[in-house]
Amino acid sequence: MLTNYHSHSHYCDGKGSPEQQVQGALAQGLRAFGFSSHCPVPFENQWSMKAERLDEYLAETRALQAKYEGQIELYVGLEVDFIPEMVGPSDFPMLDFCVGSVHYVGLNQFGQPWEIDGSSVEFLECLDTVYGGDIQKVIQKYYGIIRQMVETDPPQVVGHLDKIKMHNAARHLFDESESWYVAEVEQTLQAIAKAGITTEINTRGNYKRGLELYPSPWIINRMNELNIPICINSDSHRPEEITASFPLAYQVAKAAGYEEVRILLGGKWQDVAI
Ligand SMILES: [Zn+2]
Ligand SMILES: [Zn+2]
């Protein structure tokens, strides 16, 4: 049973309308599909939904939910940024669900929220200028913010847990087997397990950049040992990406020992066999 609860449309940085996404989801055989445009944030950036479009987004996706009833289950959500003391999941109580993601770590050299999810050139400039290249310090801050989200303002789904690793492709910054990194991931997984929050296996890095899944398979193994529920999401930015790299994600989940995914179905989060 295929589902995807992490998707973007032209309301943020995705291509195509919400209805084109639904058509894509139907064509790819999904049982349930969640809309999750990037939430508005209180500063300028290149990819979030503008605050003044939120009402229109909610109305349009709710109307689609009704229109396609009986064909596919649709859920209205957002990918919510967690930025301490600025924005988080609890700011959007009108949703069916949200994916909570950390895309910003502190401030950059211009005094703006530092985007760790965009271009590696800009990431590395700030890393060198503000942090003297100390990746360990940055990554500890990054996972610290994820733990703060999980502990103080939990989403239904934790988004792309280890996405910050993507900059290793531009410059080798760290090795995932380094003990400080393993310890940081472990502490974060312990917090997620304690809170009982579903964590996605996100395929976008794989089909977009040829990287490993987010998170890496060794982390997915450990998640299974800690009984952390998973769902498998593509973070699609085009209708045709909705199930991209899903076979790999299911294969890795099974190899880690997962027999179930936790999905939103019939209005409830429930465990279904893979
Ligand atoms: Zn994201
Ligand atoms: Zn996303």
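Because the structure is predicted, anything quoted here is derived from the model rather than measured. Just follow the structure's listing: the first ligand is 1, and inside any ligand the first atom is 1.
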| Quick one: does I145's side chain get under 4.5 Å of Y104's, heavy atoms only? | no

| query | Are R204 and E241 within salt-bridge range, i.e. N to O under 4.0 Å? | reply | yes

| remark: Taken in chain and number order and not counting sequence neighbours, the residues that satisfy side-chain hydrogen bond (donor to acceptor under 3.5 Å, both in side chains) with T203 are none

| Is any protein N, O or S atom closer than 2.8 Å to the Zn ion (ligand 2), and if so, which? | H6 NE2, H8 NE2, E79 OE1, D235 OD1

| If we ignore angles and hydrogens, is there a donor and acceptor under 3.5 Å between the side chains of E19 and Y68? | yes

| query | How is the N/O/S atom of H103 that comes nearest to the Zn ion (ligand 1) named? | reply | NE2

| field | Salt bridge E212-K165, side-chain N to carboxylate O under 4.0 Å | value | no

| task | In plain terms, say whether R147 and E184 are close enough for a salt bridge, that is, a side-chain N and a carboxylate O under 4.0 Å apart. | result | yes

